There are 2 protein chains.
Amino acid sequence: MRTIDHTHDAAATSWLASANGAATDFPIQNLPFAVFRRAGALEPLRGGVAIGDEVMDLAALSRTQCLDGLALQAAQSCAAPALNDFFALGPVAWRTLRRALFELLHKDAVATRPSQVDAVRGCLMPQSEVEYAVPARIGDYTDFYTSIHHARTISCLLDPKGDVPRNFQWVPTAYHGRVSSIGVAGQRFRRPHGQALRDGSTTPEYGPSQRLDYELELGIYVGTGNALGEPIALSRAEDHVFGISLLNDWSARDIQAWEMAPLGPFHAKNFATTVSPWIVTMDALAPYRTPWTRPAADPQPLPYLESESHRAQGAIDIRLEVSIETHRMREAGLPAETMSRTSFSHHYWSIAQMLTHHAAGGCNLQPGDLLGSGTISGPELSEAGALMELALAGSKPVQLGNGERRSFLEDGDAIIFQGWCEREGFNRIGFGFNHGRVLPAVSPSAE
Amino acid sequence: MRTIDHTHDAAATSWLASANGAATDFPIQNLPFAVFRRAGALEPLRGGVAIGDEVMDLAALSRTQCLDGLALQAAQSCAAPALNDFFALGPVAWRTLRRALFELLHKDAVATRPSQVDAVRGCLMPQSEVEYAVPARIGDYTDFYTSIHHARTISCLLDPKGDVPRNFQWVPTAYHGRVSSIGVAGQRFRRPHGQALRDGSTTPEYGPSQRLDYELELGIYVGTGNALGEPIALSRAEDHVFGISLLNDWSARDIQAWEMAPLGPFHAKNFATTVSPWIVTMDALAPYRTPWTRPAADPQPLPYLESESHRAQGAIDIRLEVSIETHRMREAGLPAETMSRTSFSHHYWSIAQMLTHHAAGGCNLQPGDLLGSGTISGPELSEAGALMELALAGSKPVQLGNGERRSFLEDGDAIIFQGWCEREGFNRIGFGFNHGRVLPAVSPSAE
């Protein structure tokens, strides 16, 4: 577990004005990592850190005299089109670089190390002028299913007498997902084709999905791995986690309903998954930890998924918001409209439990592996992380302010996720945006 | 589809004696690809081709004067620790290199191009002196479930009134598998831990699997991919396939039974998957094509999975054999014992249908992606591709010649797959061996 230190001090401000104040996702207390380049430029992708409205170019910074020792080595490892090598250096290196950046960006640095501040200024680029890439070479992507509120609502929609699957309260359920179709925020993808059983039919049809949905998730990046056959103890699990981003697990509900039994979702999910560019480090999230609790009436975790320190602070209060921007809203110049808000603190299984369970069978995790948290829904229906829940499987369409209604996503719809943490006595830190847009299906003649 | 040409001529022999005669898997008509290096040596992995008892080093060959044009470019692309760049060159390049190697290794070359034969001799290394690696950087691994005989037996074992899943005859069913734990033949792995519901219990226990099994599959390597959102027509599907190897999808049946609903297998499969080193090209397999048939009483494929040319030769008659070598057999110097034999020609869905279905939703395939065919079982129980079928879920243990019995795999058991093709008028070609061994579970104190 990460500890709270001076880098979380709410009184600390930066010499960079846009990093100060409540409006920014990226104050000096955050310092999330991404991979970027100047938009449209023929230049290499490399690692960067967000500060206010700017990106600090770590490749450029590693060529200045601002860093030394492990912090320099860490910054040099970010001078690559993916952060895997940086991840592999481990938590001491991650923390050392983050602390060094905090010192360089702190307002006191203007007086104590003016030449370094000048050098850092030369490494900044406005976020408005850059484009991002998926921040790691993702070796494997695993998607979990670990919100009991989501599982309960979906189960009841499928069968009014339904409850969560019988193993849900014992197993941090997961399936392997598709890596090749993971894209970074801004991803646009075609509505998928697939087989589905239409109402009243006994034989499936093949065609564009009619029940396209989003799923609000966190994307958790594995920092350091484990050897094949070597489990990861719960107490050490978070040492293996670099940080967290926002993830949209786009889902085709009609395809999913037909294909899923017995081997799980395939076409229903593998056409696109969108991750946000910025990875907020576990170090930055230290102040927002909360106790991990389980209702006393529920089965308690098996010993390998249970510990006292995990109970004390195994959860994280990450606030989340989903918005929609339809084609008509965009045409009319209307802003995106909020669909739901929730918090990751409601989650039934924690990140540490997911990671420990993942490795418990001997499966080897590797730097840059991505874990999806599973859809994050809160206890109230208004806190649901998927449209299928909000619109009760189409029986109660969501009413939008411009008169449109949504049971499922329509062509041209953009879905935007935002995330942030706030706590009395600490600064607000944010995750930036994760947005993606649905394009029309491939026309039959194009096939 | 690949056509039969002079490289399949049964009368063709090589100047290399070990490549001739019925005993070798690797006559001049085969020429499968692998990645290798001298065993234990500090030298780079690179691509090689099997001929008789030797490996031809393609990196070394590309530095001789034996090749030119596209064949040279193709060989140069194999001078790498993975064959992805070679795959990406496409089917014309694959075929051009295979034909050039055929000419160089043909017995007539001794007279027509003696200096080149001398150069080729300098690029050979005995297979007994090399070690292999997984032949591609596998971006994504997808495992199918497409033998109706396997599905029917498993369904009946779980429920005597059971039939195959309702979508089985419509969907070439698949799930995403774990890439990180894929190893090459010779892989040894620890018996996995996991949650399982023991007989008579209502709550799961966590511990080593008690029902470890193998699954006989083919491993199909994607050669060239498709763009996200762009489907692959059935008629073009095999142009995207480089070739085929043997694959063991090790499975923990007790973990699988508890975890699988609703999202599919996870711990039950992700601890290890073993692939054979040699990839037999689709070109080499051209003579062994057979019609793809579907019983008239069964649902016929939807149009996107159906075509006349596919009916004519969509299947391949690949013969397969599973053997076991237990610890006691090894200690006593006894040879491995055959468990079952079958053929891939019994499969319900073809490779082309698997590939087309995979991309139909827009999912992008990439060079080096691996598809598992799913367990290959024939119509007779003796042709089953998993021990769970052969031993009827433990109710009828398999009797071995040395007095041992097996319901599931025990520590120290090695499983060996072999594959080959034979047809009147053509040479026999083989796949080599795929073998892997079960090690004891991690002891509790080590966790």
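Since we're looking at a predicted model, the values are computed, not measured. Here is the naming used below: chain letters follow the sequence lines, and residue numbers restart at 1 for every chain.
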* Which word best sums up how the rings of B:Phe266 and A:Phe144 line up, parallel for under 30°, tilted for 30 to 60°, or perpendicular for over 60°? ->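 Perpendicular.
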Need one label for [X]: side chain, backbone, both or neither, based on atoms under 4.5 Å from any heavy atom in chain A.
| X | result |
| --- | --- |
| B:Leu234 | neither |
| B:Ala174 | both |
| B:Gln187 | side chain |
| B:Asp369 | side chain |
| B:Pro204 | both |
| B:Ile138 | neither |
| B:Leu263 | both |

Which one wins on heavy-atom pair count under 4.5 Å against chain B: [options]?
| options | value |
| --- | --- |
| A:Ser180, A:Gly177, A:Ala272, A:Gly139 | A:Ser180 |
| A:Pro165, A:Gly264, A:Pro299, A:Gly225 | A:Gly264 |
| A:Val171, A:Asn364, A:Leu228 | A:Asn364 |
| A:Gly229, A:Gly362, A:Pro303 | A:Gly229 |

Sort [X] into side chain, backbone, both or neither according to what part of it lies under 4.5 angstrom from a heavy atom of chain B.
| X | value |
| --- | --- |
| A:Arg191 | neither |
| A:Leu439 | neither |
| A:Leu305 | side chain |
| A:Pro262 | both |

* To do: Using a cut-off of under 4.5 Å on heavy-atom pairs, state which of B:Ser209, B:Gly194, B:Ala360, B:Ala441 scores highest against chain A.
  =>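 Among B:Ser209, B:Gly194, B:Ala360, B:Ala441, the one with the most close pairs to chain A is B:Ala360.
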* Which of the residues B:Trp258, B:Tyr175, B:Phe189 is involved in the greatest number of heavy-atom pairs with chain A at under 4.5 angstrom? ->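 Ranked by contacts with chain A, first place is B:Trp258.
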* To do: Inspect the surroundings of CZ in B:Arg137 and state if more than 12 heavy atoms from other residues, nucleotides or ligands are less than 6.0 Å away.
  => no
Give a yes or no answer on whether the side chain of [X] reaches the backbone of [Y] with a donor-acceptor pair at less than 3.5 Å.
| X | Y | result |
| --- | --- | --- |
| B:Asp140 | A:Arg178 | no |
| B:Arg190 | A:Glu230 | no |
| A:Gln195 | B:Trp170 | yes |
| B:Ser181 | A:Cys363 | no |

* **Counterpart residues, salt bridge (Lys or Arg N to Asp or Glu O under 4.0 Å), relative to A:Asp249 (two or more places apart)** => A:Lys269
* Asked: Can you list the residues that meet the salt bridge (Lys or Arg N to Asp or Glu O under 4.0 Å) rule with B:Arg236, with sequence neighbours excluded?
  ->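 By the salt bridge (Lys or Arg N to Asp or Glu O under 4.0 Å) rule, B:Arg236 matches B:Asp239.
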* Asked: Would A:His267 and B:His357 count as a close aromatic pair, with their ring centres under 6.0 Å?
  ->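 Here the rings of B:His357 and A:His267 have centres that are less than 6.0 Å from each other.
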* Between B:Leu197 and A:Arg166, is a side chain to side chain contact (heavy atoms under 4.5 Å, CB included) present by the stated rule, with each step listed? -> CA-CA 11 Å; B:Leu197 209 57; A:Arg166 63 177 186 150; 3.4 Å; yes
* Could you walk me through whether B:His358 and A:Asn270 pass the side chain to side chain contact (heavy atoms under 4.5 Å, CB included) test, one step at a time? => CA-CA 9 Å; B:His358 202 315; A:Asn270 68 14; 4.2 Å; yes
